[in-house]
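Below, read A as the first sequence line, B as the second, and so on, with proteins coming before strands; counting in each chain starts at 1.
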Amino acid sequence: MLDRKFILENMALMKANIANRGMAVDVERFAALEQQRRDMQKQLETMRAEANALAKNNALSVDERRTRGGELKKMEAELSARIAPLEADIESIYVAIPNLIYAGSPLGGEDASKDIARGKQPLPKFDFKPADHITLMENLQMLDLVAGAKVAGSGFYYFTNMGALLELALTRFALDHVMKSGFKPVIPPDLARDSLMQGAGFVPRGNESNTYHLEDSDLNLTATSEITLVGRYADEVVDLTKGPLKVAGISHCFRSERAHGSATRGIYRVHQFTKTEMVVVCLPEQAEALHLEMRRLEQEIFDALEIPYRVLEIATGDLGAAAFRKFDLEAWMPMRGGKGDWGEITSTSNCTDFQARRLNIKYRDNSGKLQFAYTLNGTALSVCRAMIALVENHQQADGSVRIPLVLQPYLSGMTHIRKE
RNA sequence: GGAAGUGUGGCCGAGUGGUUGAAGGCGCACGCUUGGAAAGCGUGUAUGGGGUAACUCAUCGCAGGUUCGAAUCCUGUCACUUCCGCCA
């Protein structure tokens, strides 16, 4: 979230910002209610000041204090009762107010996102009729969608044999790669409390929720380890004097939403997947360079996997509420939509201090003052999407799949996945 | 799962319902001392909101309650510790 005072002092900016994101948040109402609340709060504090002074005043008898104190107490209670619902209204608008936007982000909706770079690998040319990932993987006994549906429902799957090993190989390869740039490995919980989900900025647009909630508890299956990796530092003063905190987490991600249709066949959109995620907590002046570093690492990973991709500078209307600036990598998936299409494989966001303010993550600056830290996140590798791109791009005429060189050490030196 | 105990400023730790936002120590900052350092001595050192300021309000895990007055009493909740049970 943004600073309340900042919002009140920059109303024009707030309105433009919300419009650019294509959102509807009534900041006017926020300002009006907030002003009302402040006036009432001042009254309340005046009463409290008198009550405090009274309680400390030994010159008065206990009876005298009791009489006036009782009156004040009643008045305070009445006023508080009027402030509470007001505060609730204010809060509901406040949490919906999105982060500011990077000046260079293209204006507009999803279609306005700008194609700013390409990976090293050219688009594949097949001299045979290529198959989609479902056919390929089922033939190679790597994937069992039917069993997934039977056991857990549509949107779940089994990775079997080389499928299982490939998940581990991809995950470990991505982790190793980002570790070379100083990211420390972490395996976080796959569940998180309600408070943390909200804190991390997962304010579902409208009332749609993308997460599984555990009945009779305040726990949720996490949709991304960003929640647990950043949430780990909630309510803490982090030490940034030895450089930014850089962590890479491996976790399962659970998402309850699922659109249907040919674009989502197979394992493109599933309820559970494994992801290696990067998270950074840093000083404001370090954030941009680290954001670009994460993007570079993502590109290096997919260049190494010999998967063609493009890099998008995400448009204002497609940024998450917490994101100030965001890049996506979209891999070429030769059979997506029947004739090939780009599909999102990674995403990296600079959340500035928006997320840290909500989670109360601070650092001490040079003058010793507490300041909100900046947080960033980026996908190193999300297994299902990477797997689709890998098998579809590296498929051979005989139905086997070529294993890119960098992955071979993680698969006992195998060069191809073949039918047994 | 059962029982008992504990949660206090960056850290450790005291705290009788009534100037306690909180003793003391560590750490940190500044100063004195020194040829320089260490030691020693002195001073300062929680966070957030409102106000030009004086000042004021809130905060002792969290949420409620009792009271003129709560860190202190009560209820709930979360976390940690110890013991028992169970378990990979």
Side-chain angles (χ1 to χ4, degrees), chain A residues 1-10 30-95 97 187-200 213-220 222 227-228 231-243 245 252 281 283 353-373:
Chain A
M1 52 198 173
L2 297 171
D3 182 57
R4 286 193 188 211
K5 199 188 273 180
F6 181 86
I7 295 169
L8 296 175
E9 287 168 357
N10 296 277
F30 172 83
L33 294 177
E34 176 67 6
Q35 190 51 53
Q36 252 187 64
R37 187 192 66 83
R38 285 186 179 209
D39 292 344
M40 289 164 81
Q41 188 68 32
K42 266 182 207 163
Q43 274 182 54
L44 183 69
E45 285 180 11
T46 311
M47 287 182 210
R48 281 193 183 153
E50 189 187 338
N52 286 345
L54 189 73
K56 284 184 207 167
N57 188 348
N58 292 320
L60 294 172
S61 72
V62 169
D63 269 349
E64 286 173 303
R65 289 190 241 171
R66 198 168 285 166
T67 311
R68 181 59 182 155
E71 282 170 26
L72 284 167
K73 207 165 128 172
K74 209 179 228 173
M75 287 159 66
E76 271 183 56
E78 280 167 19
L79 194 53
S80 303
R82 280 164 56 209
I83 294 176
L86 196 59
E87 177 56 33
D89 280 357
I90 292 167
E91 186 68 17
S92 69
I93 303 175
Y94 184 38
V95 297
I97 296 174
I187 296 184
D190 286 341
L191 277 71
R193 294 182 192 286
D194 293 339
S195 58
L196 216 60
M197 304 291 286
Q198 290 154 14
H213 180 81
L214 265 64
E215 205 177 351
D216 296 328
S217 81
D218 66 342
L219 289 171
N220 305 272
T222 53
I227 295 164
T228 47
R232 182 176 173 203
Y233 304 108
D235 296 319
E236 293 200 4
V237 177
V238 294
D239 181 7
L240 298 179
T241 57
K242 295 177 192 77
L245 303 177
H252 292 121
V281 180
L283 301 172
D353 58 354
F354 187 90
Q355 204 171 40
R357 188 170 283 111
R358 189 170 292 165
L359 289 168
N360 192 28
I361 302 173
K362 297 184 167 178
Y363 69 95
R364 228 168 257 286
D365 68 16
N366 289 332
S367 65
K369 255 187 76 82
L370 290 174
Q371 306 282 0
F372 289 109

Exercise for review: Sticking with atom P, work out how far rU75(B) lies from rG21(B), rounded to a whole angstrom.
Suggested key: 26 Å
Mate of rU16(B) across any strand shown (Watson-Crick or G-U wobble, both atom pairs under 3.5 Å) is none
What do the steps show when you test E78(A) against K74(A) for salt bridge (charged side-chain N to carboxylate O under 4.0 Å, His left out), and what is the final call?
CA-CA 6 Å; E78(A) 280 167 19; K74(A) 209 179 228 173; over 6 Å; no
Residues at least two apart in sequence or cross-chain that pass salt bridge (Lys or Arg N to Asp or Glu O under 4.0 Å) with R364(A), listed by chain then number, are none
Spacing of the P atoms in rC73(B) and rA46(B) (rounded, Å):
27 Å
RNA chain B nearest-nucleotide lookup for G69(A) and V237(A): closer to the 5′ end is V237(A)
Q.
Under 4.0 Å, heavy atoms only, any strand: does K74(A) hit a base, just the sugar-phosphate, or nothing?
A. nothing
With syn defined as a glycosidic angle within 90 degrees of 0 and anti as anything else, the base of rG35(B) is anti
Answer yes or no: is there an ion pair linking R37(A) with E34(A), defined by an N-O contact shorter than 4.0 Å?
-> yes
Between V62(A) and R193(A), the residue closer to the 5' end of RNA chain B by nearest nucleotide is V62(A)
What do the steps show when you test I90(A) against Q36(A) for side chain to side chain contact (heavy atoms under 4.5 Å, CB included), and what is the final call?
CA-CA 10 Å; I90(A) 292 167; Q36(A) 252 187 64; over 6 Å; no
As its Watson-Crick or G-U partner within any shown strand, both distances under 3.5 Å, rG5(B) has rC80(B)
Same-atom distance (C1') from rC60(B) to rA14(B), integer angstrom: 13 Å
Does E91(A) come within less than 4.0 Å of R4(A), counting only side-chain N to carboxylate O?
yes
**Asked** Are R68(A) and E71(A) ion-paired here, with the side-chain N under 4.0 Å from a carboxylate O?
**Response** yes
query = Considering only the P atoms, how many Å lie between rA71(B) and rG17(B), rounded to the nearest integer?
reply = 13 Å
Residues P189(A) and T228(A): closest non-hydrogen pair is O-CG2, 3.5 Å
**Prompt:** Quantified in whole Å, what is the C1' atom distance between nucleotide rG5(B) and nucleotide rG9(B)?
**Reply:** 24 Å
By salt bridge (Lys or Arg N to Asp or Glu O under 4.0 Å), D239(A) pairs with (sequence neighbours left out) K242(A)
To the nearest 0.5 Å, atom CG of L79(A) lies from atom CD of E76(A) at 8.5 Å
Residues pairing under ring pair (Phe, Tyr, Trp, His ring centres under 6.0 Å) where one sits in residues 69-95 of chain A, two or more places apart or in two chains, turn out to be F30(A)-Y94(A)
Rounding to an integer number of angstrom, what distance separates rU20(B) and rU52(B) when you compare their C1' atoms? 31 Å
- Message: Please classify the nucleic acid contact of D63(A) as base, sugar-phosphate, or nothing, using heavy-atom distances under 4.0 Å.
- Response: nothing
Correct closest heavy-atom pair for K362(A) and N360(A) would be CE-OD1, 3.5 Å
message: I'd like the C1' distance from rG13(B) over to rU8(B), given in whole Å.
response: 9 Å
With a 4.0 Å cut-off (strictly under) to non-hydrogen atoms of chain A, the first and last hit nts on RNA chain B, 5' to 3', are rG18(B) to rA79(B)
Across every strand shown, the nucleotide meeting Watson-Crick or G-U wobble geometry with rA88(B) (both distances under 3.5 Å) is none
Considering only the P atoms, how many Å lie between rC12(B) and rG7(B), rounded to the nearest integer?
12 Å
As its Watson-Crick or G-U partner within any shown strand, both distances under 3.5 Å, rC73(B) has rG65(B)
One should read off an interatomic distance between L54(A) CG and L72(A) CG, to the nearest 0.5 angstrom, of 7.0 Å
Minimal heavy-atom distance between A356(A) and A373(A), with the atoms involved, is CB-O, 3.1 Å
Note: contacts of residues 77-90 of chain A with RNA chain B (heavy atom, under 4.0 Å) are none
>> Please classify the nucleic acid contact of L72(A) as base, sugar-phosphate, or nothing, using heavy-atom distances under 4.0 Å.
In response: nothing
Expected list for residues 37-46 of chain A near RNA chain B, using heavy atoms below 4.0 Å, is R38(A), K42(A), E45(A)
The Watson-Crick or G-U wobble partner of rA37(B), with both key distances under 3.5 Å, is none
Checking N1-N3 plus N6-O4 or O6-N4 for Watson-Crick, or N1-O2 and O6-N3 for wobble, each under 3.5 Å, the partner of rA29(B) is rU43(B)
